[in-house]
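Since the structure is predicted, the reported quantities are computational estimates derived from the model, not experimental observations. Atoms within a ligand are numbered from 1 in the order they appear, just like the ligands themselves.
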Amino acid sequence: MAFVVDRLLPADLDAALALSTKAGWNQVAADWQRVLDLSPEGCLAGRQDGRVVATAGLVTVTPEIRWVCLVLVDEALRGRGYGAAMFVQVLERVRRSGTTAVGLDASDLGRPVYLKQGFVDVAPIDRWTGVLRPSAPPSNIGAFETRSAEIVAALDRDACGGDRGPLLRHLVAEPAVRTVVSPGLGYGLYRPGRLHGHIGPLIAANDTVAKLILDQIRHAAGERTVSIDAMRTAENAALLETAGLTVARRLTRMTLAPARPLLMGPRIRAAESFTWG
Ligand SMILES: CC(C)(COP(=O)(O)OP(=O)(O)OC[C@H]1O[C@@H](n2cnc3c(N)ncnc32)[C@H](O)[C@@H]1OP(=O)(O)O)[C@@H](O)C(=O)NCCC(=O)NCCS
C-alpha cells in the first residue's frame, strides 16, 4: 500500500513513542503529548498499511518562531523517500504559517535532508549526559523550586527576546516537571526521560547562577543520569564538564536560509530540548 502522510492524532501516541524508543531517543509519553497539546496541527504521521512508520512536527515556539522536530522514519523503511515526503509536508505548513523564522536541531542523519530543502547551518549544539556532581553553592544568592510559570516566562522573555509562555506554562504545570528559579537571575527545568532525566531550558544571568540552578536540579535528579542540550561554546563546555557531564551526541542548529541565531544568546545556557530549540 502507498505511503500516506496525514495528521498525527492522540490515538497514534503509543505508535509514535514506540518509534522514538526504537530509534534510541529519550522521549516519554509526556513529550509527545506536549507537542500534540501545543501544536496539534503541526504533528504529522506517515502511514504504511495504516501503521505509523514515520513522524514529523512543526511546533510554535514563540508567535514568531517555528521549530521542526521529531523527524523520524522506521529504520527498516529508510532510504525510500519517506523522510523527504514528511519534510515536504512540514515545509507546506511553514509556508501556511507565514513565518520565516524556522529552526531545527539536526542529527547527522537529518542534516542532508534539511540541506536539500533550504536549511543552512547556524552553529553546533551538543547533548551532554552524566550524573551531576555537587558544586559548592554560592552563599549570597539563592534558588528554590516554584510552580509559578509567570516568573519563569518573564525571565525567559528577557533572555530570548520572544514569548515562549504557552510552552513554559505547559511544562511548569506538568506534575513530573521540577522548576528551579533564582529570582531575577535565571531558571532551569528538569523532567524525567526514558533514558535520562532531561534539563532544559536553562537560563542564567552568569556562570554562578547556572551552577546554582544545576546544583538544585541535582537534588531532584539524585544519582540518575541527566541530559542537557547546549550550544557548543567554551563557557558551556566549562560549565558542563565541571558539573560532571560529557558530550554524548553532536548535532547542528540550522535555520531556513538565511542563517539566524534563533533561541541563542548569552543567557540561554541550554535548549528546552532538540524538539523545541
Ligand atoms: C533522517 C531520516 C528521517 C531520513 O529519512 P529517510 O526516509 O531515510 O530519507 P529519504 O529516503 O527521504 O531521503 C531524503 C534525501 O536525503 C538524502 N539522504 C538521506 N539520508 C542521507 C544520508 N545519511 N547522507 C546523505 N544523504 C542522505 C537522500 O538521498 C534523499 O535525497 P534525494 O531526495 O535527493 O534522493 C531517517 O534517516 C531517520 O529517521 N533517522 C533517525 C532519526 C533522525 O536522526 N532524525 C532526524 C532528526 S533531526
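- A donor-acceptor contact under 3.5 angstrom links the side chains of H198 and S227, judged on distance only.
- Within 4.0 Å of atom 2 (C) of ligand 1, not a single protein heavy atom is present.
- Close approach of ligand 1 to L109 (heavy-atom distance below 4.0 Å) involves ligand atoms 1 (C), 23 (N), 37 (O), 40 (N), 41 (C), 44 (O).
- Note on ring orientation: taking the six-membered ring where Trp is involved, the planes of F87 and Y114 are tilted (angle from 30° to 60°).
- Note: R249 CZ to S107 OG = 6.0 Å, rounded to the nearest 0.5 Å.
- When only non-hydrogen protein atoms are considered, atom 26 (N) of ligand 1 lies nearest to P112 CB, 3.4 Å.
- A donor-acceptor pair under 3.5 Å links the side-chain atoms of N236 to the main chain of M231, judged by distance alone.
- Of the possible donor and acceptor atoms, one in the side chain of T99 sits under 3.5 Å from a partner among the backbone N and O of A101.
- The shortest N or O to N or O distance between V71 and ligand 1 is below 3.5 Å.
- Atom numbering of ligand 1 starts at 1 in the shown order; those under 4.0 Å from a heavy atom of S107 are 43 (C), 44 (O), 45 (N), 46 (C), 47 (C), 48 (S).
- Distances from ligand 1 to the non-hydrogen atoms of G81 include at least one value under 4.0 Å.
- In the hydrophobic clustering, V120 connects to no other residue, as no ILVMFWY side-chain heavy atoms lie under 4.5 Å from its own.
- One side chain, W32 or S20, offers a donor N or O that lies under 3.5 Å from an acceptor on the other.
- The number of heavy atoms from other shown groups lying within 6.0 Å of CG (D14) does not exceed 12.
- From the protein, the heavy atom lying nearest to atom 8 (O) of ligand 1 is G79 N, 2.8 Å.
- Protein heavy atom closest to atom 4 (C) of ligand 1, with residue, atom name and distance, is V113 CG2, 4.0 Å.
- With distances taken over non-hydrogen atoms, the option nearest atom 41 (C) of ligand 1 out of E75, K22, R80, R78 is R78.
- Looking only at heavy atoms of the protein, atom 34 (O) of ligand 1 is closest to K116 NZ, 3.1 Å.
- For ligand 1 and L72, the ligand atoms under 4.0 Å from any heavy atom of the residue are 39 (O), 42 (C).
- Looking at ligand 1, you won't find any N or O of L77 less than 3.5 Å from one of its N or O atoms.
- Those atoms of ligand 1 that come under 4.0 Å of a heavy atom in D105, given as number and element, are 48 (S).
- Annotation: atom 12 (O) of ligand 1 to nearest protein heavy atom, A84 N, 2.7 Å.
- For Y190, there are no ring-ring contact (aromatic ring centres under 6.0 Å, His included) partners at least two apart in sequence or on another chain.
- For the pairing with R269, the side chain to side chain donor-acceptor pair (under 3.5 Å) check across T233, N206, D207 returns one residue only, D207.
- Selection from W25, F274, Y82 by nearest heavy atom to atom 42 (C) of ligand 1 gives W25.
- E64 and T62 share a donor-acceptor pair across their side chains, judged by distance under 3.5 Å alone.
- For atom 9 (O) of ligand 1, the choice among A85, G46, G83 with the nearest heavy atom turns out to be G83.
- Looking at V73 next to ligand 1, an N or O pair under 3.5 Å apart turns up.
- For Y114, the heavy-atom gap to ligand 1 drops under 4.0 angstrom.
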